[in-house]
Participant: 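Pasting a structure below so you can have a look.
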Amino acid sequence: MFDRVVEAGDILPATEAIEMMDQVDLGPTIDIPEIPAGADPANITGEERRFLQGEIRRLKAERNALVLAHNYVPADIQDVADAVGDSLYLAQRGADSDADVLAEPSVLFMNQILAAMKKPHQKVLAPHLGALCSLAAHADVEKVRAWKEEHPDGLVISYVNTYIEVKAESDYCCASANAGKVLLHALEHSRPEQPILFLPDLFLGFYAARLMERRGQPLGRLWLMMGACHVHERIRPAHVEEQRRLHPGALTVVHPECGCTSACMRQVREGVVPETMLQFRSTQGMVALIKEVPQKEVIVATEVGNLHPMHKAVPEKTLIPASREALCAYMKQNTLANLYLSLRDMVHEITVDPELARRARIPIERMLRIL
Ligand code: 13P
Ligand code: SF4
């Protein structure tokens, strides 16, 4: 038992944070919005869809706009986008583009990356301003600043799910796709006694800690934030167990933000489940993985929107969501209708303070280089 109250967003030495993993309320500290009816393609008629997708295509050409859609937004938005991918891929595509308008159906922290990286002539548009993130909300910049004051030589590695103020305080950014590589880079380019803070996701932090151990690195220098995504955190070991029982031949693939990450890693480490049947992948890594594996059935532990690009990649495989309730209401604020209105009226421009953008570009550019 611990003699102080630990809350979501607190920063603890890694060993203590991992020990407390199941005892701390990691639930959302911001409201979860209703999912609008228009986020479900079943609620849109064929005629409406043709009209909206046709208008979006026309406006893209007229405005010289690039539509960058995250894997978790509704399928009919993905189908009309110029690029679909995870946060890292969308940041790369945005940074490489000369289009006049970057319209990004995703969530605010991703829009802010584009706004920090954009060229002077570009505008960044978000279809809806309510597309926030429960994980990013856990990452309080004041807590990060307090940690830095206590550890003046400390290194801060921020997961992409943080707002621009936190990125501006960070040495490195990483996404789920390159978290391990960024951590290893930071270890190689720092002194062995330098403290490292990895934030805000505790489950991904656990994954990072295991990676350090495998490299023979002592955990004593690692600090973690008690943060979580309410969608992934609610995918518990019991969900995965149940689907594995129903589909014994299926491969299970787990996003490391999930609440089942630590239990699944333990099962692989202890040989209870062979590595060939249980893998850990980022959002986009899952899309790549199913093309390569022999199994015809795959249990997918992440936000269910990711099943759409996975299905498009390999239509003949059966995809089974570990939990059908794993829906991100923030991502689902993006609809075909509000993407159309945003392009038509050029609304919901996302801007960031130029000084914050200058400081945040340093860790973001490192994230884009360490692949
Ligand atoms: P990705 O880097 O996997 O796109 O993660 C963003 C996110 O919000 C995952 O829930
Ligand atoms: Fe944030 Fe979770 Fe939604 Fe990703 S799935 S945007 S981490 S709330």
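Counting begins at 1 with the first residue of the sequence. Counting starts at 1 for both ligands and their atoms, following the listed order.
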Participant: Any nitrogen or oxygen of Ser282 lying under 3.5 Å from a nitrogen or oxygen in ligand 1? Just yes or no.
Facilitator: no
Participant: Would you check if atom 1 (Fe) of ligand 2 lies under 2.8 Å from any N, O or S atom of Cys133?
Facilitator: yes
Participant: Does any N or O in the side chain of Arg359 come within less than 3.5 Å of the main-chain N or O of Pro354, such that one atom is a donor and the other an acceptor?
Facilitator: no
Participant: Cation over ring, Arg49 on Phe51, under 6.0 Å and within 45°?
Facilitator: no
Participant: Considering only the protein, which heavy-atom contact is closest to atom 2 (Fe) of ligand 2, and what is its distance?
Facilitator: Cys229 SG, 2.3 Å
Participant: Just which atoms of ligand 1 are under 4.0 Å from any heavy atom in Ser176?
Facilitator: 1 (P), 2 (O), 3 (O)
Participant: Specify side chain, backbone, both or neither for Met110, according to which of its non-hydrogen atoms lie closer than 4.0 Å to ligand 1.
Facilitator: side chain
Participant: Taking only heavy atoms of Ser87, which atoms of ligand 1 are found under 4.0 Å from at least one of them?
Facilitator: 1 (P), 2 (O), 4 (O)
Participant: Please state which protein non-hydrogen atom is closest to atom 3 (Fe) of ligand 2 and give its distance, to 0.1 Å?
Facilitator: Cys328 SG, 2.4 Å
Participant: Considering only non-hydrogen protein atoms, determine which one is nearest to atom 5 (O) of ligand 1 and report residue, atom name and distance to 0.1 Å.
Facilitator: Tyr159 OH, 3.8 Å
Participant: Quick check for you: to the nearest 0.5 Å, what is the distance between Leu125 atom CG and Leu341 atom CG?
Facilitator: 12.0 Å
Participant: Is a donor on one side and an acceptor on the other found under 3.5 Å between the side chain of His151 and the backbone of Trp147?
Facilitator: yes
Participant: I'd like to know if the side chain of Thr335 pairs up with that of Tyr340 as donor and acceptor (distance under 3.5 Å, no hydrogens or angles considered).
Facilitator: no
Participant: Short list, please: which atoms of ligand 1 are under 4.0 Å from a heavy atom of His255?
Facilitator: 3 (O)
Participant: Strictly below 4.0 Å, N to O, side chains only: are Asp100 and Arg63 in salt-bridge contact?
Facilitator: no
Participant: Would you mind listing which atoms of ligand 2 come within a distance below 4.0 Å of any non-hydrogen atom of Glu257?
Facilitator: 7 (S)
Participant: Is it true that atom NE2 of His247 has more than 12 heavy atoms of other residues, nucleotides or ligands lying nearer than 6.0 Å?
Facilitator: yes
Participant: Step through it carefully: locate the ring centre of Tyr330, locate the ring centre of His230, and say whether they are under 6.0 Å apart.
Facilitator: yes
Participant: For His232, which part has a heavy atom under 4.0 Å from ligand 1: side chain, backbone, both, or neither?
Facilitator: side chain
Participant: Verify whether one side chain among Asn111 and Ser106 offers a donor that lies under 3.5 Å from an acceptor in the other.
Facilitator: yes
Participant: Under 4.0 Å, counting heavy atoms only: does His70 come that close to any atom of ligand 2?
Facilitator: no
Participant: Which residue and non-hydrogen atom of the protein lie closest to atom 9 (C) of ligand 1, and at what distance in Å?
Facilitator: Glu257 OE2, 3.4 Å
Participant: Just to be sure I read this right, does ligand 1 sit under 4.0 Å from the backbone of Asn161, its side chain, both, or neither, counting only heavy atoms?
Facilitator: side chain
Participant: Which atoms of ligand 1 have any heavy atom of Tyr72 under 4.0 Å away?
Facilitator: 9 (C), 10 (O)
Participant: Please write down residue, atom name and distance for the protein heavy atom closest to atom 4 (Fe) of ligand 2.
Facilitator: Asn161 ND2, 4.0 Å
Participant: If the cut-off is 4.0 Å to any non-hydrogen atom of Ser134, which atoms of ligand 2 fall inside it?
Facilitator: 8 (S)
Participant: Please list the nearest protein heavy atom to atom 3 (O) of ligand 1 with its residue and the distance rounded to 0.1 Å.
Facilitator: Thr283 OG1, 2.5 Å
Participant: Does any donor atom in the side chain of His232 or Asp201 lie under 3.5 Å from an acceptor atom in the other side chain?
Facilitator: no
Participant: Answer yes or no: is there an ion pair linking Asp82 with Arg93, defined by an N-O contact shorter than 4.0 Å?
Facilitator: no
